[in-house]
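Proteins come first, then strands; the chains are lettered A, B, ... in the order of their sequence lines, and each starts at number 1. Nothing here was measured: the structure is a model prediction, and the numbers come from that model.
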Amino acid sequence: MILKYLIEKEFRQIARNAFVPRILVAMPLAMMLVFPWAADQEVRDVRVAVVDGDHSTTSQRLVGRIAASPYFELATVAQNYPQALQSVESGDSDIILQIAHGFERSMVEQKFSQIRPEKSHISITANAVNGTKSMLGTAWLTALLANANGENSADVEKNMASQGVVSGLVSTKYRFNPRLDYKVFMVPALMVMLLTMLCGFLPALSIVAEKESGTIEQINVSPVRRRDFVLSKLVPYWSIGFVVLGFCMTATWLVYGLVPAGNVLSIMLFSGIYLLVVSGMGLVVSNHSDTLQQAMFVMFFFIMILLLMSGLFTPVSSMPGWAQAIAAINPLKYFIEVMRAIYLKGSGLRELLPQLGALIAFAAAFNAWAIGSYRKNS
Amino acid sequence: MYSWLGGLLEKMINCLKMKQFAAFVTKEFRHILRDRRTLLILLGMPVAQILLFGFALTNELKNTRLAILDPAPTLVSSRIAERFEASPYFTVAARPTSPQQIDEAFKSGLIGLAVVFQDADIQLIADGTNPNQAMMLTSYATGIIEAEKNAEIIRNSQNISAIYQNGPVVRMLYNPQGRSAYNFVPGVMGLILMLICAMMTAIAIVREKETGTMEVLLVSPMRPIYIILAKTVPYFVLSIANLATILLLSVFVLQVPVSGNILILSAVSGIFVLTALSLGLLISTLVSTQMAAMLASGMGLMMPTMLLSGLIYPIESMPMLLQWLSTAVPARWYIEAVRKVMIMGVDVRFVVREMTILGIMTIGLVALALRNFKERL
């Protein structure tokens, strides 16, 4: 019964705080409406600097194709290589395409006499500081160049077919996200990030705030049981988490037209468990800290590592073995997997049983720890 | 005579002031050293982040699990399968016998790519949830299949030169192995310096307000502005220590070299630390509780720094509105400058723009903070 009053106290404290309600409104808005546009690793408009040493019809046609391509932006046509390099160094272009003198002639020779030229007349130099961008950029440019001598390759295909060597063509299909929209990939994971920040940080500050202001002494001398006190700290943030989640899902539907391919109820089930995990984690940190500053920094440290190791920004499968082992004890990783699977792939509970088990174990462990680490006697 | 005496007096007062100032700085250092746990995190955070970003976080593809569906194996299809097994990018995880099994494997997240041999054609089905991964996967897979095709042609053809085409010569500048660490190290530097300077300064000042000890300090003979300045000194020292840690780790552990001039790098970093400190000062004048200072600097500063600075997400890919917004994020200019100086090793004239912008930001922030600063509480 006393639990009811304690929960009421928590809600009043939250509502009365000048800052927390504002954060609770502003964060979800920013996270759902602004960040999906920022959190975009999609590579587009690779800026190309061209050094045309051939000045032929063919090379000019090639430059025209680059300018017209949706993948590229013709940044500059440089006189020579140093000039092009300078434009890379000042950050104005990403890739240098050099067409050497004799490019057209070699193409013609190749077509009529089928003589393989001595050396390649084209060189691509990419700024590889951003690995993904340079890799995709060179791949696209190479593809564009291969298509540019289209007649040639048609001949080759015909040749190959007549010899009966290699069968057929390679076709590509992208499942679950056919338009390859990066936002669709990020939004479910950003929801996880938001829930973690709000429902992890606020509980982390709540018990230690009572320690700093001294009000925890009053709780300690009251007949309130440890379990009830911890629960009263947990329940408000748990329910706030659901409100935030509901808002996020509605906003996602209205703004991005994205609805879960799977069951909404399973999202609710997983979120309910996950909120217990993060709030429990926050309470553990809160119990072990003496000052607000300490709680904040410890929480920052852990949340940052958990976020980075969760597969939110970079895929877990690309990590080395030891890092994957660490990721395996990261609750965020499981919940992000779940949200992406339900939202995009329409996975059901049956496919997500391992994640469910892991999250339940985390929730039980953290909350038991939170109750155990709260001491009434100091 | 009098002027000489006056000068001496002034010198003595200055000396006294310096002593007082030193005493205040010592006091601040004690505050930091007393809280061991926070100190440990302040010093450990850069180490943990550099190691994670350097070794664990990468967009490079490795050992992607693959399913091959080959109802009627031929010589060519089994050769292609062998090539996939030999590739470091893929591991053949499943050999399903029906399209339904592929579907299930995708849904439970067991595979990232499926290769389906249908009569004469080959179909690549990729898990498109992560678009970049998917595009890289299919491009690698196509490369492997093409390689087998070419090998086949060479095996069967007498006139190799007739069909073989010269591809372009490709060179990767600055980061020939395409390692993600080259891209991340400058970002981590920006993030850590921002966190430590701005957030810690703001909290340290506001804590004195909240606990009431600010009153005591303000009635001391020191001018209030020096009290505040004294608070920023330890964090300046701390950030220099962090900067050194990051650079040493990245050079000796991650093998990311400092290809540019270390003096220019230090100058740029120095300006950025000042920007971050003045941002911390400004926040401390705007809020009155520690909780508010933390939430304001934590959420209001860290999130934009992580997302809008080009640390993880390239700014060029953002919509125009966000690109404009990102110009207001100091870390954006710092990270850009560090990438240029440290990784690309460019001349100082290429980073003058970034340094000027950071300088102007600092002056603006200090001016705002001074305007808001109240000598009485």
Side-chain angles (χ1 to χ4, degrees), chain A residues 19 23 27 35 37-42 89-90 114 116-117 120 122-132 134 138-139 142 145 156 159-160 163 165-177 180 182 185 292-294 296-297 301 308 313-315 318-319 323 340 344-345 347 351, chain B residues 37-38 41 45 52 56-60 62 107-108 120-134 138-139 142 145 149 152-153 156 161-164 166 168-175 178 180 182-183 203 290 292 294-295 307-308 312-313 317-319 322 339 343 346 350:
Chain A
F19 223 75
I23 284 279
M27 278 276 286
F35 289 162
W37 301 92
D40 194 345
Q41 277 184 333
E42 207 171 294
E89 286 186 341
S90 61
Q114 299 204 327
R116 183 182 170 195
S120 181
I122 290 189
S123 64
I124 297 170
T125 313
N127 175 359
V129 175
N130 179 346
T132 314
S134 61
T138 41
T142 314
L145 292 168
V156 175
N159 214 337
M160 275 162 28
Q163 290 174 330
V165 187
V166 177
S167 47
L169 298 162
V170 182
S171 65
T172 308
K173 203 169 95 179
Y174 296 105
R175 289 284 309 270
F176 311 122
N177 186 3
L180 291 180
Y182 212 85
F185 174 61
L292 275 171
Q293 194 186 21
Q294 224 177 46
M296 190 74 177
F297 271 93
F301 185 72
L308 292 174
F313 303 113
T314 58
S318 296
M319 293 178 189
R340 279 180 177 154
L344 299 175
K345 300 182 185 173
S347 307
E351 283 118 344
Chain B
R37 210 179 291 172
T38 307
I41 285 192
M45 184 118 76
L52 282 187
L57 302 179
T58 161
N59 280 316
E60 300 150 30
K62 261 175 241 146
K107 280 196 176 170
S108 46
D121 290 342
I122 303 169
Q123 193 181 30
L124 296 174
I125 306 170
D127 180 348
T129 39
N130 184 346
N132 276 356
Q133 286 289 107
T138 53
S139 122
T142 316
I145 295 168
K149 270 189 183 176
E152 194 76 354
I153 294 167
N156 286 276
S161 61
I163 7 176
Y164 191 81
N166 263 350
V169 180
V170 176
R171 257 202 313 157
M172 293 291 181
L173 286 179
Y174 317 120
N175 179 12
S180 307
Y182 281 66
N183 199 21
I203 292 174
Q290 279 188 73
M294 283 173 208
L295 293 175
L307 291 165
L308 287 178
I312 300 176
Y313 300 107
S317 302
M318 294 173 194
L322 286 185
R339 271 193 191 134
I343 309 294
V346 298
F350 290 103

Euclidean distance, [Y] [atom2] relative to [X] [atom1], rounded to 0.5 Å:
X	Y	atom1	atom2	answer
F301(A)	T38(B)	CZ	OG1	12.5 Å
Q294(A)	R37(B)	CD	CZ	4.5 Å
F297(A)	I41(B)	CZ	CD1	8.5 Å

Self-check item: I23(A) versus chain B, the contacting section by heavy-atom distance below 4.5 Å
Solution: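 I23(A) touches chain B through side-chain heavy atoms alone.
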